[in-house]
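Read through the structure below, which is laid out as C-alpha cells, and then see the notes.
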Amino acid sequence: MDILKKNLDITNLSNFKTRAFTRYYFELNYINDVDKIIDIVKFSKKNHLKILFVGGGTNILFSFEKFDGIVIKNNLNSWIYDKKNQILESLSGNSISDIASILEKDDEQYLWHRFIGLPGSIGGAVFGNAGCFGLETENNFLEAKVLNLDNGKIEYLSKKQMNFSYRSSILKETGKYFLISVKFDLSKKIEKYPQKVDNIFFRENKQPKGNTCGSFFKNPSKDLSAGYLIEQVGLKGFKLGSAYFSDIHANFLMSDDGGNYKDLLELISLAKTKVKKNHNIDLINEIRIITN
Ligand SMILES: Cc1cc2nc3c(=O)[nH]c(=O)nc-3n(C[C@H](O)[C@H](O)[C@H](O)COP(=O)(O)OP(=O)(O)OC[C@H]3O[C@@H](n4cnc5c(N)ncnc54)[C@H](O)[C@@H]3O)c2cc1C
C-alpha cells in the first residue's frame, strides 16, 4: 500500500520510550484521512496484520522490538466550544489538557480544571475513561462519532452504548472502533468522588517525571491503592535492569532512557507475584501492553 510508510522508528510513540520499530505506519493529519482507514483495514485483514491507533502514547507499553502490523498515529486536532449551550466538540487527537486550559482562559469554563496536566489525547481519554482527582472522562460525555472497523461504517454511540467503567469503555472492550470525534456537555457538574486538590501543583511537584505512562496498575478498590500494595511488598523505588518503580509514587513504572521493554515486563510480573503472595490480590494492568 503506497500510503503506508515502512520500517519506521516508533520509540517516541510510547512514553516509556523503549526502542521500537513498526513494519507499517500511517498518520492521520486531516479529517479526510479517516476515509483511508477503511482501505488500511482491508489491507490489514488481507495480510493478517494488527492495527494500533496511537494518540499521545501515554498509556501504552510496546512489548516488541518491531511491531509486525500497522501503527496509525492520530493527529486530528481541531475542536469547537459552543459557549451558549456549553457543548464541546473535539476531534480525537487533541490534547485534553490543552483544551481544558484554553476553556478556562478563553471561555471561563472551569469544569475541566482537573484535566489540566492530564497527559494524552481526547481519544485516549475516552478509550480508557481517564480520570483524575474525582473527575472522569465519562462524566460529561454526550456522544461519540466512531468508525466501525468491522463494517467500515460511521456510527454514533451514546453514553449508554459506551459502557464506561473504571478505566474502560466499549472502545477498549471490543477494539473494533476508531474514535473520530466526541461531544461533551459541560453544563453539568457530575463528579463521582469529589476531592479537594490543587491538581496543577500536585502534578508539577508530587508526580515523578521521566519515561512513564503514569499509574501502571488499577487500584484494586477506592480505598486500596496499587501504590500502597507495591510499597508494602518492598518494590517502591526498586530497580530491575532499566526498569523501576518510582520512589515518589510506587505505582509509577519508569524506564531509563534507551530502556528495554523486557525489564519492564519482568518487573510487572514480579510486582504481581509478590502482591498475590503477600496480599492475595491480583493486580490488573491499567496500561495496555501492546504485543505482536
Ligand atoms: C505522568 C502521567 C500521569 C498520568 N495521570 C493519569 C491520571 O491521573 N489519570 C488517568 O486516567 N490517566 C493518567 N495517565 C495515563 C494517560 O494520561 C491516560 O490514560 C490518557 O488518557 C491516555 O491518552 P493517550 O492519547 O496518550 O492514549 P494512547 O497511549 O495513545 O492510547 C491508549 C489506548 O487508547 C487507544 N486509542 C487512542 N486514541 C484512540 C482513538 N481515537 N480511537 C480508538 N482507540 C484509541 C490506543 O489504541 C491505546 O490502546 C497519566 C500518564 C502519565 C504519563
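Counting convention: from 1, in listed order, for ligands and their atoms alike.
The closest donor-acceptor contact from the side chain of Asn199 to the backbone of Ile116 lies under 3.5 Å. Between the side chain of Asn85 and the backbone N or O of Ile87, no donor-acceptor pair lies under 3.5 Å.
When non-hydrogen atoms are compared, ligand 1 lies under 4.0 Å from neither the backbone nor the side chain of Val146. Only the side chain of Asn15 comes within 4.0 Å of ligand 1, counting heavy atoms alone; its backbone N, CA, C and O stay farther away.
The shell of residues lying under 4.0 angstrom from ligand 1, judged by heavy atoms, excludes Phe133. No heavy atom of Lys172 sits closer than 4.0 Å to any atom of ligand 1. At least one heavy atom of Gly131 lies less than 4.0 angstrom from ligand 1.
From the protein, the heavy atom lying nearest to atom 53 (C) of ligand 1 is Thr212 O, 3.3 Å. The protein atom (non-hydrogen) at minimum distance from atom 28 (P) of ligand 1 is Gly57 N, 3.6 Å. For atom 25 (O) of ligand 1, the nearest non-hydrogen atom of the protein is Ser121 OG, 2.6 Å. The protein heavy atom nearest to atom 22 (C) of ligand 1 is Thr58 OG1, 3.3 Å.
An N or O contact shorter than 3.5 Å links Leu179 to ligand 1 by distance. For ligand 1, the polar-atom distance check finds no N/O of Gly120 at less than 3.5 Å from any of the ligand's N/O atoms. An N or O contact shorter than 3.5 Å is missing between Tyr177 and ligand 1 by distance. Geometrically, ligand 1 and Leu118 share no nitrogen or oxygen pair separated by less than 3.5 Å. Between Pro119 and ligand 1, an N or O atom pair is found at a separation short of 3.5 Å. Annotation: Ala125 places an N or O atom under 3.5 Å from an N or O atom of ligand 1; distance criterion only. In terms of N/O distances under 3.5 Å, ligand 1 is not approached by Phe127. Between Leu171 and ligand 1, no pair of N/O atoms sits closer than 3.5 Å.
Counting heavy atoms of neighbouring residues, nucleotides and ligands inside a 6.0 Å radius, atom NZ of Lys209 exceeds 12 of them. Annotation for Lys183: atom NZ does not count as buried by contact number, only 12 or fewer foreign heavy atoms lying within 6.0 Å.
Remark: ligand 1 atoms within the under-4.0 Å shell around heavy atoms of Arg167 are 11 (O). Interface of Gly55 with ligand 1, defined as ligand atoms under 4.0 Å from a residue heavy atom, comprises 25 (O), 30 (O). Near Asn74, the atoms of ligand 1 lying under 4.0 angstrom from a non-hydrogen atom of the residue are 41 (N). Here is the list of ligand 1 atoms found below 4.0 Å of a heavy atom in Val54: 30 (O). Each of the atoms 41 (N) of ligand 1 lies under 4.0 Å from some heavy atom of Ser92. Applying the 4.0 Å criterion to heavy atoms of Gly124 picks out, from ligand 1, the atoms 21 (O), 23 (O), 24 (P), 25 (O), 27 (O), 37 (C), 38 (N).
Checked options Leu76, Asn94, Thr137; the residue passing with Ile122 is Asn94 (criterion: side chain to side chain contact (heavy atoms under 4.5 Å, CB included)). Partner Glu286 forms a salt bridge (charged side-chain N to carboxylate O under 4.0 Å, His left out) with one of Lys218, Lys172, Arg167 and no other, that one being Arg167. Between Phe178 and the choices Val41, Ile72, Val146, Asn74, the side chain to side chain contact (heavy atoms under 4.5 Å, CB included) rule is met once, by Asn74.
Judged by distance alone, the side chains of Ser221 and Asp223 never bring a donor and an acceptor atom under 3.5 Å apart. Using modelled atom types and a 3.5 Å distance limit, the side chains of Lys272 and Asn285 yield a donor-acceptor pair. Inspection of the Asp263 and Ser242 side chains reveals an N or O donor paired with an N or O acceptor under 3.5 Å.
Under a 4.0 Å N-O distance rule, the pair Lys276/Asp282 qualifies as a salt bridge. Taking a cutoff of 4.0 Å between a charged side-chain nitrogen and a carboxylate oxygen, Arg114 and Glu136 do not qualify as a salt bridge.
Relative orientation of the His249 and Phe252 rings is tilted, given thresholds of 30° and 60° on the angle between their planes. Ring planes of Phe217 and Phe245: tilted class, angle from 30 to 60°.
The residue among Ser215, Cys213, Gly175, Gly56 with a heavy atom at the shortest distance from atom 50 (C) of ligand 1 is Cys213. Of the options Arg288, Gln207, Arg203, the smallest heavy-atom separation from atom 5 (N) of ligand 1 is shown by Arg203.
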